[in-house]
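A short write-up of the structure that comes next.
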2 protein chains.
Amino acid sequence: MARRVAKPPASADLDARKATILEAVVTEHIDTAQPVGSSSVASSADLSVSPATVRSEMVALEREGYLAQPHTSAGRVPTDKGYRYFVDHLSDATVGSAQQRQVAEFFAHVRGEVEDVLEQTSTLLSEMTNYTSLVVGAGHGHATILSAQLVSLDANHQLLVTVFSDGAVTKHSVFTPYAVMPSDVAEASRQINALLLGTSLEHRVQVPSRTDQVASLVRDAVATLHAESPTVEGEQVFIGGSSRVAEAFNGVETVRKVLAILEQELLVVSLVQDVLESGSSVAIGSEHGFESLASCALIVAPVTIDGQRAGAVGLLGPTRMKYREALAAAQLVSEQLSRHFIGEDERVQ
Amino acid sequence: MARRVAKPPASADLDARKATILEAVVTEHIDTAQPVGSSSVASSADLSVSPATVRSEMVALEREGYLAQPHTSAGRVPTDKGYRYFVDHLSDATVGSAQQRQVAEFFAHVRGEVEDVLEQTSTLLSEMTNYTSLVVGAGHGHATILSAQLVSLDANHQLLVTVFSDGAVTKHSVFTPYAVMPSDVAEASRQINALLLGTSLEHRVQVPSRTDQVASLVRDAVATLHAESPTVEGEQVFIGGSSRVAEAFNGVETVRKVLAILEQELLVVSLVQDVLESGSSVAIGSEHGFESLASCALIVAPVTIDGQRAGAVGLLGPTRMKYREALAAAQLVSEQLSRHFIGEDERVQ
DNA sequence: TGTTAGCACTCGGTAGAATCGAGTGCTAAC
DNA sequence: GTTAGCACTCGATTCTACCGAGTGCTAACA
């Protein structure tokens with residue numbers, strides 16, 4: 001299972017010049033994917049200081065763990081800690097107006113069931129940023145049951161269809177080794193509905209233990225429903241733009257590892273959950289516990305409905321991802337998504 | 001949209017020796033991913049003939065388009081046509097007994113809704129073969145409606161929950177700009193159920209055009225359901241082991257392209273459909289119309305229930321994939337899957 | 001004391017030359 | 001028709017030389 005996400009170490013503040021230099025290195029490396037030398041930092045950043053000075057500062061930054069050198073006589077590359085500092089001291093940015101329009105446009109016209117909206121949102125987010133996006137929908141453990149109905153597929157197979165207050169619908173097939181009469185199914189359906197109405201998966205109901213066939217059908221059906229774990233189940237993940245993984249890394253092996261993680265939905269859910277709970281909105285490199293994602297950074301933003309956490313959106317990219325843009329995009333989309341679900345009532349469809 | 005899959009050109013039979021040589025080249029190249037030279041063919045294949053003879057045959061095979069030379073002084077590599085001949089003349093093989101056990105084991109214990117079974121099957125298939133697997137579930141356009149029920153989420157939002165004879169359940173939200181009373185919802189629900197019962201999405205019903213509120217709710221709900229395309233919708237794709245794509249190719253760019261295709265579910269469905277309809281069970285290289293999949297081969301096997309096509313399983317790999325094993329696995333799994341759904345009634349759960 | 005110019009040094013990357021060898025195509029003999 | 005023999009091709013590998021970006025150090029400077 002997912003390891004707890006390390007709380008980002010409250011990085012002691014660097015003095016202004018070191019901070020500027022670090023920022024310059026990070027920015028340029030994100031841009032070029034190349035090690036950054038002292039001279040380009042000296043000329044790019046607006047500290048009027050010679051490369052030599054920059055160099056000696058870089059030595060210090062390297063000693064303190066913010067930068068690393070691939071080899072002597074190469075420029076410097078940010079470490080995870082370096083990225084962390086960069087992200088923590090990022091001035092908030094907003095996304096470009098073109099993208100704002102794109103998002104507004106999207107949410108103005110998106111239609112359909114929650115699942116469809118989430119799925120399309122994941123595509124949107126991935127297309128906006130060119131990173132792989134994760135959209136996690138909340139489970140319905142806390143939602144109350146609005147309707148539970150038993151439908152007969154044939155004499156031995158019934159289907160329990162449950163509608164929840166959050167609009168989720170689940171189905172569970174119930175097999176009976178004995179044939180059940182339609183009238184009994186109808187009766188069981190009535191009883192199940194009466195029994196479950198208003199309850200939630202978190203607070204399970206007692207089923208009266210009579211012994212007739214209808215009662216045992218009711219018992220089987222309710223048991224099948226309750227077999228579902230209220231926390232894990234129903235949490236859906238939509239992954240958008242997984243092909244972007246292949247853009248972000250140039251080693252096929254890294255791509256494979258990352259994809260292998262993304263294949264495991266439960267893992268992805270718990271990963272996003274963990275980062276969210278750590279209170280941070282970014283997990284860089286080894287901060288999340290997954291070795292295979294050591295060269296990845298994950299950005300998350302919660303989706304809330306009425307202040308309740310109702311899911312999250314995320315972006316997965318290389319550690320040298322465009323944090324400012326990606327953060328802004330994730331935040332914008334998560335806000336809009338939250339508003340979308342709250343505001344659904346008011347909007348005329 | 002997907003281009004029609006070219007019917008594999010009925011490859012004129014090669015004489016026995018050419019066939020043997022071609023087979024040896026294909027087999028070895030699949031194994032080593034390297035161009036194959038005349039001497040290794042001469043020694044491996046059991047034609048007692050010198051490399052020089054093999055060479056002259058290879059020239060002929062190249063002229064006829066079965067083999068290609070990456071450059072002078074390299075060995076030969078099969079072309080798509082070469083693979084096609086190889087596949088067409090493949091002696092049927094069965095999967096190893098260990099894998100047979102694995103499949104039997106899987107189907108003996110797999111439980112849950114159709115979707116879950118299909119999803120797990122895709123994982124199974126991918127793990128058996130180390131290729132990316134595709135499992136396509138049939139749409140429910142032809143299934144009849146067993147129950148249609150309108151559940152009220154709030155005064156303005158109703159949810160139409162429809163149960164089909166194949167066990168599928170769909171939901172469609174219906175928005176009303178005016179508030180609807182619970183009693184009206186219940187009445188509409190009754191009417192909708194009566195109206196839709198026994199119909200299918202292919203054969204749509206006429207809705208009486210009265211003007212009262214209940215009738216307009218009924219009309220809206222049915223219209224929303226019918227807005228769903230009976231052919232395309234409901235066809236689900238489960239992709240297993242997409243990370244295997246990164247194992248199969250060593251160019252990151254190829255990996256990206258293939259993943260980009262896999263992201264588009266509709267494309268994948270129609271791709272599988274097209275190959276299936278072409279009557280062949282394998283599409284090699286450019287045979288399916290997708291340029292981005294030029295270096296891929298796709299194996300498909302239909303899943304049938306009562307002789308009706310009810311979906312398909314597929315395997316996507318490089319053109320130099322292990323056809324014999326992959327074909328056997330796909331066929332075994334598709335048969336077992338078919339049997340699973342038919343046999344569900346008889347098995348005690 | 002902090003900054004800077006100067007400089008020797010390191011080391012990855014690139015280019016060119018030499019070499020190797022797997023594999024070919026051709027030819028002549030069987 | 002088959003095959004041994006052989007010259008030839010050309011990618012891959014190795015080696016060398018060398019370039020140059022970038023460093024660390026030192027000594028001079030403000």
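In what follows, chains carry the letters A, B, and so on, assigned in the order in which the sequence lines appear, proteins first and then strands, with residues in each chain numbered from 1. Because the structure is a prediction, the values reported are computed rather than measured.
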#### Entry: Distance, rounded to the nearest Å, where Q69(A) contributes CD and dG12(C) contributes C1'
13 Å

### Query
How long is the line joining CD of E57(A) and P of dT23(D), in whole Å?
14 Å

#### Entry: Modelled atom types, side-chain donor and acceptor of E28(A) and S40(A), under 3.5 Å
yes

### Message
Applying side chain to side chain contact (heavy atoms under 4.5 Å, CB included) to V26(A) and Y323(A), what does each step give before you reach the verdict?
### Response
CA-CA 10 Å; V26(A) 172; Y323(A) 291 99; 5.7 Å; no

### Task
Check every atom of dC11(C), dG24(D), dG11(D) against the side chain of H71(B) and return the nucleotide holding the closest atom.
dG11(D)

### Query
Tell me: CD of E62(A) to P of dT23(D), nearest whole Å?
10 Å

### Query
Quick one: is dT10(C) close enough that its OP1 or OP2 comes under 4.0 Å of any side-chain N or O from T72(A)?
no

### Task
Please state how far atom CZ in R55(B) lies from atom P in dG5(D), giving the value in whole angstrom units.
12 Å

### Task
Decide side chain to side chain contact (heavy atoms under 4.5 Å, CB included) for Y85(A) and D13(A); before the verdict, give the C-alpha distance in whole Å, the side-chain angles of both, and the deciding distance to 0.1 Å.
CA-CA 9 Å; Y85(A) 186 93; D13(A) 259 7; 4.0 Å; yes

### Message
Between C1' on dG22(D) and CG on L61(A), what's the gap in Å once rounded to a whole number?
### Response
17 Å

### Query
Counting only Watson-Crick or G-U wobble pairs whose two distances fall under 3.5 Å, which nucleotide matches dC29(D)?
dG2(C)

### Message
Tell me the interatomic distance from L67(B), atom CG, to dG25(C), atom P, rounded to whole angstroms.
### Response
11 Å

### Message
Within the 4.5 Å heavy-atom criterion, are K18(B) and L22(B) side-chain neighbours or not?
### Response
no

### Query
Could you state the CE-P distance from M58(A) to dT23(D), rounded to the nearest angstrom?
6 Å

#### Entry: R84(B)/D88(B) ion pair, N-O < 4.0 Å
yes

### Message
Measure CD/Q34(B) against C1'/dT24(C) and give the value in whole Å, please.
### Response
17 Å

### Message
Does S56(B) reach a base, just sugar-phosphate, or nothing at all? Heavy atoms under 4.0 Å.
### Response
nothing

## Note on the structure
Residue pair S73(B)/A52(A) against DNA chain D: nearer the 5' end by closest nucleotide is S73(B)

### Query
Would you say dG24(D) has OP1 or OP2 under 4.0 Å from some side-chain N or O of R76(A)?
yes

### Query
In the structure shown, which nucleotide is the Watson-Crick or G-U wobble counterpart of dC8(D), with both distances under 3.5 Å?
dG23(C)

### Message
Strictly below 4.0 Å: does S38(B) bring a side-chain N or O up to OP1 or OP2 of dT24(C)?
### Response
yes

